[in-house]
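Worksheet: the structure to be examined is printed underneath.
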Amino acid sequence: MCGIAGWISYQRDLRTEQAAVDAMTETMSCRGPDDRGTWISGPAALGHRRLAVIDLPGGRQPMSVDTPRGPVAMVYSGEAYNFTELRGELAARGHRFSTGSDTEVVLRGYLEWGAAVAERLNGMYSFAIWDDREQRLVMIRDRMGIKPFYYHPTADGVLFGSEPKAILAHTLAGRTVTADGLRELFAFVKTPGHAVWEGMREVEPGTVVTVERGGIRTHTYWSLETRPHTDGRQATIARVRELMDDIVHRQLIADVPLCTLLSGGLDSSAMTALAARRLAGTGERVRSFAVDFVGRTENFVADDLRATPDTPYVHDVARASGTDHQDIVLDSEQLADPEVRARVIRARDLPAGFGDMDASLYLLFKAIREHSTVALSGESADEVFGGYKQFFDPEARKGRTFPWLVHFAEHFGEDESILTEPVGKLLDLDGYTRTGYAEAVAGVQRLDGESDFEFRMRTISYLHLTRFVRVLLDRKDRASMAVGLEVRVPFCDHRLVEYVYNAPWALKSFDGREKSLLREATADVLPRSVYDRVKSPYPSTQDPAYAVALQRSLQDLLAAPAHPVFDIVSRDWLKRAVAIASPQITQASRRGLERTLDLALWMDIYHPTLDLA
């Protein structure tokens, strides 16, 4: 796993711009602490920071191949889990390899198939190839959007990078955020291609972006398509298990220490158990890690989102699968530490709005990195198999807005409440959400003869797989790569996504519960306690001391009345929020405090120019 950056300028010789290329590349040092490199030739400059995972000595980048018509060079971030099969196919076609890395397989795959190499890859990846033969840059991102990728068109080319910070390091990229950028920050709808920063774009999942002297064009090589599902219940369960066994086997390949993230929920437990079974055949044990908070298990209070604490279930799985397990236990002082929050914002380049859940994820990954370089995660199983409450909620099924927003305000409060009145009116978040929803559902294909109910459930699934999951995948990637940890997501294998997406809802919930197919497909490796457990989201601290610590930090902010955060956030709202006695601090108030503090830190770090005209 790595960080990439680059600059294409058809009107310059970039060999005189080494300093600018180095500055872009070095912003990716957290993503690639093991090695660095740049490649410059005329109008093209590529930068790379490497986290060595496969073929540690042989996978250095940028990687290039000389051809009779000129060099072809690549910077690559990710993993191609089927690189061994592709390597064999390419060798049979006459290609000769000098390394054992998947990077060289992808590069030679491009030489053989051009941009269509993307259609042959199974994995998570974002990569850029400069083809000097055609004076062309080709940027490709994986199907589900697991690995981030951004670009910024310029007058004579493009800037690109794994993260916005690589682009923002260049003087050609401004740091302006318009009203539309703020809408995207607050609306939680994940508009495809939107990067918040003005002029910047996200390479969309499943997309090839080609840059030539004549301009920029995009091509979608993969999208979520509707197809008939002809397998019965048992055949579907068997196919899910077959896919899961193959996926976990492929994603256990690494030349560095590997572990699993274990929450005690169905997803991570099934993945960990399958990994443990696979490794047991080689005499190895899975190493597993879980996050917990001081006193949480003993003092846990059930609410509408979380009925049970994670730790007892985590330990059940660790015992049943024989993992080498460790709990990472955090306290409120760590979660509220402004420096930790600042590191999270630097990792995300934005005030993303997950509060203590972002901080705890970052601290969990930081602790894991001391022991492992690669981790497997259960992320995205809820989107694939239908695990969230909104899949079963009558209001969410009516189709008036994004399903996850139906009870969002009820649980977390309205983000608009913290805004100044003029900014709230200008952003019109309700209108932005309505427009985004209409655009999103327009992409759903209906199966011939599909009932209204089944089509509605297909739509809910589609929205989660093309919008909601991308928020969580970005969060996972940024927090992990900020500490040099590669996190793999088996449930995002496109074969599994395509297959389960097209299974009718009657099959996905055949026992009246969430994730019925996954539960039955892995029942033989799960402890009964986990098999019976109701879905519980990623944990959030219940310690009142955390909210009190937030209030203290924001009292200091109130003492700086000229802070630019007050161009967005209502000072009167903040005064009331920091004065609330700790027993009366609601979840909504706490979220508002988190949002305000994150916005203020973001402005301190990035100094964005707000253009709200």
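The closest donor-acceptor contact from the side chain of Ser269 to the backbone of Leu266 lies at 3.5 Å or more, if one exists at all. A side-chain donor-acceptor contact under 3.5 Å links Arg478 to the backbone of Ala347. With hydrogens and angles disregarded, a donor-acceptor distance shorter than 3.5 Å links the side chain of Arg456 to the backbone of Arg397. The main-chain N or O of Ile460 is found under 3.5 Å from a side-chain atom of His464 such that the two form a donor-acceptor pair.
Relative ring orientation between Phe385 and Phe491 is described as perpendicular, the plane-to-plane angle rising above 60° on a 0-90° scale split at 30° and 60°. Taking the six-membered ring for Trp and thresholds of 30 and 60 degrees, Tyr76 and Phe127 have ring planes inclined between 30 and 60 degrees apart.
The existence of a salt bridge linking Arg434 and Asp430 is excluded, since no basic side-chain nitrogen approaches an acidic carboxylate oxygen closer than 4.0 Å. By the 4.0 Å N-to-carboxylate-O rule, Arg528 lies close enough to Asp532 to be salt-bridged with it. Using a cut-off of 4.0 Å between Lys/Arg side-chain N and Asp/Glu carboxylate O, Glu486 and Lys147 are scored as not salt-bridged. Classification of Asp246 and Arg250 as a salt-bridged pair holds, one side-chain N sitting under 4.0 Å from a carboxylate O. With respect to the salt-bridge test (charged N to carboxylate O, under 4.0 angstrom), the residues Asp543 and Arg296 do not qualify.
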Begin with the C-alpha distance, continue with both residues' side-chain angles, and end with the deciding distance and a verdict on side chain to side chain donor-acceptor pair (under 3.5 Å) for Ser529 and Asp316.
-> CA-CA 8 Å; Ser529 60; Asp316 285 351; 2.7 Å; yes

Residue pair Phe392, Ser509: steps toward the side chain to side chain contact (heavy atoms under 4.5 Å, CB included) verdict | CA-CA 10 Å; Phe392 298 85; Ser509 59; 4.3 Å; yes

Evaluation steps, side chain to side chain contact (heavy atoms under 4.5 Å, CB included), between Asn122 and Ile247 | CA-CA 10 Å; Asn122 176 293; Ile247 293 164; over 6 Å; no

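With values rounded to the nearest 0.5 angstrom, Arg488 atom CZ is found 13.0 Å from Asp493 atom CG. With rounding to the nearest 0.5 Å, the separation of CG in Leu86 from CG in Leu121 is 6.5 Å. Rounded to the nearest 0.5 Å, atoms CG (Leu350) and CD (Glu184) are 10.0 Å apart. Separation of atoms CE (Met139) and CZ (Arg201) is listed at 11.5 Å; rounding is to 0.5 Å. Taking CG of Leu224 as the reference point, atom OG of Ser461 lies at 7.0 Å (rounded to 0.5 Å). A distance of 11.5 Å separates CE in Met457 from CD in Glu450, rounded to the nearest 0.5 Å.
Looking only at atom types and distance, the side chain of Asp292 has a donor-acceptor partner in the side chain of Thr311 under 3.5 Å away. Looking at Tyr388 and Asp393, their side chains never bring a donor and an acceptor atom within 3.5 Å of each other. No side-chain donor-acceptor contact under 3.5 Å links Ser77 and Ser162. Side chain to side chain, Glu379 and Ser377 fail the donor-acceptor criterion of an N or O pair below 3.5 Å. Ser516 and Asp511 share a side-chain donor-acceptor pair at under 3.5 Å. Looking at Glu225 and Tyr501, their side chains never bring a donor and an acceptor atom within 3.5 Å of each other. Looking only at atom types and distance, the side chain of Glu395 has no donor-acceptor partner in the side chain of His407 under 3.5 Å away. Of the N and O atoms on the side chains of Gln445 and Tyr462, not one donor lies less than 3.5 Å from an acceptor on the other residue. Under 3.5 Å, the side chains of Tyr125 and Asp102 contain no donor-acceptor pair of N or O atoms. Ser480 and Arg31 share no donor-acceptor pair across their side chains, judged by distance under 3.5 Å alone.
Applying the ring pair (Phe, Tyr, Trp, His ring centres under 6.0 Å) test to residues at least two apart or on different chains, none of the pairs has a partner in residues 267-288. Within the structure, the ring pair (Phe, Tyr, Trp, His ring centres under 6.0 Å) test picks out no pair touching residues 508-528 (sequence neighbours left out).
Nearest heavy-atom pair, Asn502 versus His229, reported as atom, atom and distance to 0.1 Å: O-CB, 3.0 Å. Taking all atoms of both residues into account, the shortest heavy-atom contact from Met144 to Leu473 is O-CD1, 3.7 Å. The two atoms that bring Phe300 and Pro309 nearest to each other are CD2-CD, 3.6 Å, heavy atoms only. Across every non-hydrogen atom of Asp358 and Ala352, the tightest pair is OD2-CB, 4.0 Å. When all heavy atoms are compared, the tightest approach of Ser268 to Gly264 is OG-N, 3.7 Å. The two atoms that bring Leu335 and Ala359 nearest to each other are O-CB, 3.8 Å, heavy atoms only.
No cation-pi contact links Arg141 to Tyr150, judged by a cut-off of 6.0 Å to the six-membered ring centre and 45° from its axis. A cation-pi contact, defined as under 6.0 Å to the ring centre and within 45° of the axis, is absent between Arg348 and Tyr362. Relative to the six-membered ring of Trp505, Arg458 misses at least one condition, a distance below 6.0 Å or an angle of at most 45° to the axis. Note that Arg533 lies in the cation-pi zone of Tyr313, set by a 6.0 Å cut-off to the ring centre and a 45° limit from the axis.
Contact annotation: the side chain of Arg287 never approaches that of Leu258 to less than 4.5 Å [non-hydrogen atoms, C-beta and beyond]. Here the side chains of Asp356 and Arg590 are in contact, with some heavy-atom distance below 4.5 Å. Between Tyr110 and Val138, some side-chain heavy-atom pair lies under the 4.5 Å cut-off. In this structure, the side chains of Arg470 and Leu465 stay at 4.5 Å or more apart for every pair of heavy atoms. The closest side-chain heavy-atom distance from Asp382 to Lys515 is below 4.5 Å. Looking only at side-chain heavy atoms (C-beta outward), Pro205 and Arg143 stay at 4.5 Å or farther from each other. You'll find the side chain of Thr323 stays beyond 4.5 Å of the side chain of Arg285, heavy atoms only. Side-chain contact between Asp327 and Phe289: absent, with no pair of heavy atoms (C-beta onward) separated by less than 4.5 Å.
For Phe402, the ring-ring contact (aromatic ring centres under 6.0 Å, His included) partners at least two apart in sequence or on another chain are Trp404, Tyr437. Shown here are the side-chain contact (heavy atoms from CB on, under 4.5 Å) partners of Pro351, two or more places apart in sequence or in another chain: Leu185, Asp598, Leu599, Trp602.
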List, one per line, each side-chain donor-acceptor pair under 3.5 Å for residues 518-526, sequence neighbours excluded.
residue: Arg519; atom: NE; partner: Tyr531; partner atom: O; Å: 3.0
residue: Arg519; atom: NH1; partner: Glu514; partner atom: O; Å: 2.8
residue: Arg519; atom: NH2; partner: Glu514; partner atom: O; Å: 3.2
residue: Arg519; atom: NH2; partner: Glu514; partner atom: OE2; Å: 3.4
residue: Glu520; atom: OE2; partner: Tyr531; partner atom: OH; Å: 2.3
residue: Thr522; atom: OG1; partner: Leu518; partner atom: O; Å: 2.8
residue: Asp524; atom: OD1; partner: Arg241; partner atom: NH1; Å: 2.6
residue: Asp524; atom: OD2; partner: Arg241; partner atom: NH2; Å: 3.3
residue: Asp524; atom: OD2; partner: Arg277; partner atom: NH1; Å: 3.2

Under 3.5 Å, sequence neighbours excluded: what are the donor-acceptor pairs made by side chains of residues 366-373?
residue: Arg369; atom: NE; partner: Gly484; partner atom: O; Å: 2.5

